[in-house]
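Worksheet: one structure, shown below.
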Amino acid sequence: MDEEQFMRGRVYGADHEDPDPGPRPGRAYRILVAGPLDGLLLDVTDWSPRTLDEGAALATEIGRFGPGGHTRYGPGTTPDGRRWYWEGDVP
């Protein structure tokens with residue numbers, strides 16, 4: 001993904017009515033790959049190194065468990081570390 005395409009991405013958790021739901025300068029993001037949140041950017045600016053290594057369960061209504069469910073994403077092995085890969089849905 002080139003920088004221009006990255007800057008057009010939508011950030012996970014952004015308000016659906018936000019006229020500019022994309023990334024903000026000075027913030028750190030991970031690109032979510034596959035699963036129900038595929039293509040969204042996750043703001044990890046203030047996350048600890050441990051959390052960045054472990055990944056996260058993110059709330060979503062469009063996963064296997066519907067409203068109240070979560071979907072797990074974690075770091076992949078890409079050299080730039082910018083991609084987090086879908087690991088499955090959890091209640």
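Just so we're clear, the structure is a prediction, and the values are computed from it rather than from any experiment.
Shown here for A34 and Y73, the closest heavy-atom pair between the two residues is O-OH, 2.6 Å. Between V90 and A57, the closest heavy-atom pair is CG2-CB, 4.5 Å. The minimum heavy-atom distance between D43 and T45, with the atom names listed, is OD1-OG1, 2.6 Å. Nearest approach of P23 to G9, heavy atoms of both residues: CD-O, 3.2 Å.
Note on Y29 and W47: separate hydrophobic clusters, where clusters join Ile, Leu, Val, Met, Phe, Trp and Tyr whose side-chain heavy atoms are under 4.5 Å apart, directly or indirectly. Cluster annotation: V33 and L42 are assigned to distinct hydrophobic clusters (Ile/Leu/Val/Met/Phe/Trp/Tyr, side-chain heavy-atom contacts under 4.5 Å, transitive). Hydrophobic clustering, with ILVMFWY side chains joined whenever heavy atoms are under 4.5 angstrom apart, groups V44 together with L40.
A distance-only check finds no donor-acceptor pair linking the side chain of Y12 to the backbone of L32 [under 3.5 Å].
Atom CZ in R82 sits 9.0 Å away from atom CZ in R30 (nearest 0.5 Å). To the nearest 0.5 Å, the span separating CG on D20 from CG on D18 amounts to 6.0 Å.
Considering only heavy atoms from C-beta on, V11 stays 4.5 Å or farther from P21 through its side chain. Side-chain atoms of L52 and P75, non-hydrogen and from C-beta on, never get closer than 4.5 Å to each other.
The list of salt bridge (Lys or Arg N to Asp or Glu O under 4.0 Å) pairs with a residue in residues 62-77, not counting sequence neighbours, reads R72-E87. Residue pairs meeting the ring-ring contact (aromatic ring centres under 6.0 Å, His included) criterion with at least one member in residues 50-69, sequence neighbours excluded, do not occur.
The pair D38-R10 does not count as a salt bridge, with every side-chain nitrogen at least 4.0 angstrom from each carboxylate oxygen.
The salt bridge (Lys or Arg N to Asp or Glu O under 4.0 Å) test applied to D46 returns no partner, not counting sequence neighbours.
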| field | side-chain contact (heavy atoms from CB on, under 4.5 Å) between L37 and W84, worked out | value | CA-CA 11 Å; L37 304 178; W84 272 17; over 6 Å; no

